2 protein chains.
Amino acid sequence: MREIPRPQFDQSLRSHNAKRVSIIDAAANVFCREGFGGANIDLIAAEAGVSRQTVYNHHGDKENLLSAVVSEITERCNARSFAVLGTFPDHPGDLEADLVAFAVRLNKNCLCDRDGKFLRKLIQTEGERNPQLFASWRNEGPGKIWSALAARFARLAFSGHLEIDDPDAAARQFLALINADLQLPMLLGEPLGEDQLKASATSAVRTFLRAFGRRVAASSSDAPAIPA
Amino acid sequence: MREIPRPQFDQSLRSHNAKRVSIIDAAANVFCREGFGGANIDLIAAEAGVSRQTVYNHHGDKENLLSAVVSEITERCNARSFAVLGTFPDHPGDLEADLVAFAVRLNKNCLCDRDGKFLRKLIQTEGERNPQLFASWRNEGPGKIWSALAARFARLAFSGHLEIDDPDAAARQFLALINADLQLPMLLGEPLGEDQLKASATSAVRTFLRAFGRRVAASSSDAPAIPA
DNA sequence: AAAAAATTAGACACACTTGTCTAATTCGTC
DNA sequence: GACGAATTAGACAAGTGTGTCTAATTTTTT
């Protein structure tokens, strides 16, 4: 609704942009804590360390600010998710250990971090009222990430490390399992310890491999096969 | 804060109580849709078909109304959960089919129904600001239900139908698996079809049994063992 | 039918929020 | 130092929501 004046030089643009980001961050925090209806622009401005007018100068009205926040966080979150996906153990040494480490990375950087929590919360509260707000999240986020993860699992199956019928289902179930023990603490907003993340991932991967690992040795948790 | 006068006879008590329930229901809907901050008492009164004053007469202020709603829904939800737990297949005929049916019941009546969705949403939005509000939910709900489910699985393991090391972890993972395919639609508020529930449960139980079923036959999905 | 209790509509004061506006001030560039 | 753009504090109108109150009405009990 309102023109954002563009400063001509980098120096001032950086300061301008720094404020923009700081407003987005503060707004994310407040929207997340209070919900959209309960959020208050004065509080956002105070938390961002700027005046209320500056918030309006940058992002227009409240609805627009929410849009900007969602776009920003979605982008950040997707970038991190694909970065973590890039560390998937395509050529595992110790499959179990490698998958556990991968699961911990995924949880810590994408699912259980501040941005992930924020997105989940916001989608749940505002998703029904504003479906188009999260359309890009849905298309660019879970859609692509899940199928990318499924592709990685399919490759592990092809190379003989796993036995998988439906890689898409396996990917969904992998994600569900690595979150099984963390959902309650996350729901209640409790901070997650490093050891908790590790324990959850370990238990999840063990079950995942009992279901989809190669049926070579019977019950022990030895790494199965295929050195190179 | 305010005395609720008690009528002396059933006739009027029923009407009184009917209004009470109808207010709770409407409040649940509105709180769920708009969040606590965005909820509006006039709207709740209108949706309940009573006047605003009646809302105040019954439940005092807004905070108090939220308390009442949470208690009511928690109680309902727990009652249903334990009822469903009572249908756990302790003496399975076809283990896979029985577990699938049980998972569908659990999802349909406890996790994915209106009350379950409401509680999850509300805990996520208001849990951090009001931890004591959900204390009873936490103690009476997930705590007891999870351990009860774990006990059932332990029994199945003892009777030779499953191979489980840690029944508590298995119970948590069972719940995580049967929700794996439903989380995204639920997050977005999409209605869940009967077929969707069934497909999700089938896929989840198949994986669960690959992980924890008895290692008798190798790969097929036949029911394994122990007729009576 | 009379009395008591519950409900209703409406008005009300009070507080809060949004979004705009203005004048003063700071910041960075020329 | 002078200039322009960005920021700030503060006031402001309009709208909205809460919680209370009163008088009228309905419902239920005696």
Side-chain angles (χ1 to χ4, degrees), chain A residues 1-27 29-31 33-69 126 129-130, chain B residues 1-27 29-31 33-69 126 129-130:
Chain A
M1 297 289 164
R2 172 164 278 265
E3 280 300 318
I4 298 176
R6 295 263 201 88
Q8 299 96 325
F9 291 88
D10 264 2
Q11 196 70 0
S12 87
L13 192 146
R14 245 197 322 164
S15 157
H16 187 75
N17 220 14
K19 276 195 208 301
R20 201 190 81 90
V21 171
S22 132
I23 291 169
I24 295 263
D25 268 1
N29 272 324
V30 175
F31 281 141
R33 273 208 317 274
E34 323 277 351
F36 181 74
N40 156 326
I41 305 245
D42 286 316
L43 187 58
I44 293 174
E47 206 152 308
V50 301
S51 75
R52 177 175 59 235
Q53 186 59 48
T54 300
V55 176
Y56 283 105
N57 285 346
H58 277 259
H59 299 105
D61 67 9
K62 200 177 172 183
E63 210 83 38
N64 217 317
L65 177 57
L66 176 65
S67 267
V69 170
E126 310 298 330
R129 295 163 62 64
N130 258 18
Chain B
M1 296 286 165
R2 172 165 279 266
E3 278 302 317
I4 297 176
R6 294 262 203 86
Q8 299 95 323
F9 289 90
D10 263 2
Q11 197 69 3
S12 88
L13 191 145
R14 241 190 333 156
S15 158
H16 187 77
N17 221 14
K19 276 195 208 302
R20 201 191 80 90
V21 171
S22 131
I23 291 169
I24 294 264
D25 268 2
N29 272 324
V30 176
F31 282 142
R33 272 208 318 274
E34 323 277 351
F36 181 75
N40 157 325
I41 305 244
D42 286 315
L43 187 58
I44 292 174
E47 207 153 306
V50 301
S51 74
R52 176 175 61 238
Q53 186 60 47
T54 301
V55 176
Y56 282 105
N57 284 346
H58 277 258
H59 298 106
D61 66 9
K62 201 177 172 183
E63 209 84 38
N64 218 317
L65 176 57
L66 176 64
S67 266
V69 170
E126 310 298 329
R129 295 164 60 65
N130 259 20

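Reminder, nothing fancy here: chain letters follow the sequence lines and each chain counts from 1. What's counted below: heavy atoms across the whole structure, side chains too, no hydrogens, waters or symmetry copies. Here the structure is a predicted model, which is why all the values come from computation and not from measurement.
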To the nearest 0.5 Å, what is the distance between CG (D42(A)) and CZ (R52(A))?
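So the CG of D42(A) and the CZ of R52(A) are separated by 4.5 Å.
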To the nearest 0.5 Å, what is the distance between OG (S22(A)) and CG (N17(A))?
11.0 Å
Rounded to whole angstroms, how far apart are [atom1] on [X] and [atom2] on [N]?
X	N	atom1	atom2	answer
Q53(B)	dA9(C)	CD	P	12 Å
R52(A)	dG19(C)	CZ	P	10 Å
E34(A)	dT17(C)	CD	C1'	14 Å
I44(B)	dT18(D)	CD1	P	8 Å
D42(B)	dA11(C)	CG	P	13 Å
Y56(B)	dG17(D)	OH	P	11 Å
D61(A)	dT17(C)	CG	P	17 Å
L43(A)	dT17(C)	CG	P	9 Å

So G49(A), base contact, sugar-phosphate only, or nothing? Heavy-atom distance under 4.0 Å.
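The residue G49(A) makes sugar-phosphate contact but no base contact.
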For A39(B), answer base if it contacts any base atom (sugar-phosphate contacts may also be present), sugar-phosphate if it contacts only those atoms, and nothing otherwise; contact means non-hydrogen atoms under 4.0 Å.
sugar-phosphate
Residues which pass side-chain contact (heavy atoms from CB on, under 4.5 Å) with E63(A), listed by chain and number, not counting sequence neighbours
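Testing E63(A) for side-chain contact (heavy atoms from CB on, under 4.5 Å), a comparison that skips the adjacent residues, returns F36(A), D61(A), N130(A).
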Counterpart residues, side-chain contact (heavy atoms from CB on, under 4.5 Å), relative to A26(A) (two or more places apart):
I44(A), E47(A), A48(A)
Quick one: does any side-chain atom of K62(B) pair with a main-chain N or O of A39(B) as donor and acceptor, under 3.5 Å?
yes
So, does N40(B) use its side chain to make a donor-acceptor pair with the main chain of L43(B) at under 3.5 Å?
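The answer is yes, because a donor-acceptor pair under 3.5 Å joins these two groups.
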Are H58(A) and dT7(D) close enough that a side-chain N or O sits under 4.0 Å from OP1 or OP2?
yes
So, is T54(B) near the phosphate of dT8(C), with a side-chain N or O under 4.0 Å from OP1 or OP2?
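Yes, because at least one side-chain N or O of T54(B) sits under 4.0 Å from OP1 or OP2 of dT8(C).
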Rounded to 10°, the angle between the first-five-pair and last-five-pair axes of the helix from dA1(C)-dT30(D) to dC30(C)-dG1(D) is 30°
Considering only side-chain heavy atoms of K62(A), which listed nucleotide, dG17(D), dT8(C), dT18(C), is closest?
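Closest nucleotide to the K62(A) side chain: dT18(C).
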Check whether any side-chain heavy atom of L65(B) sits under 4.5 Å from a side-chain heavy atom of F31(B), and report yes or no.
yes
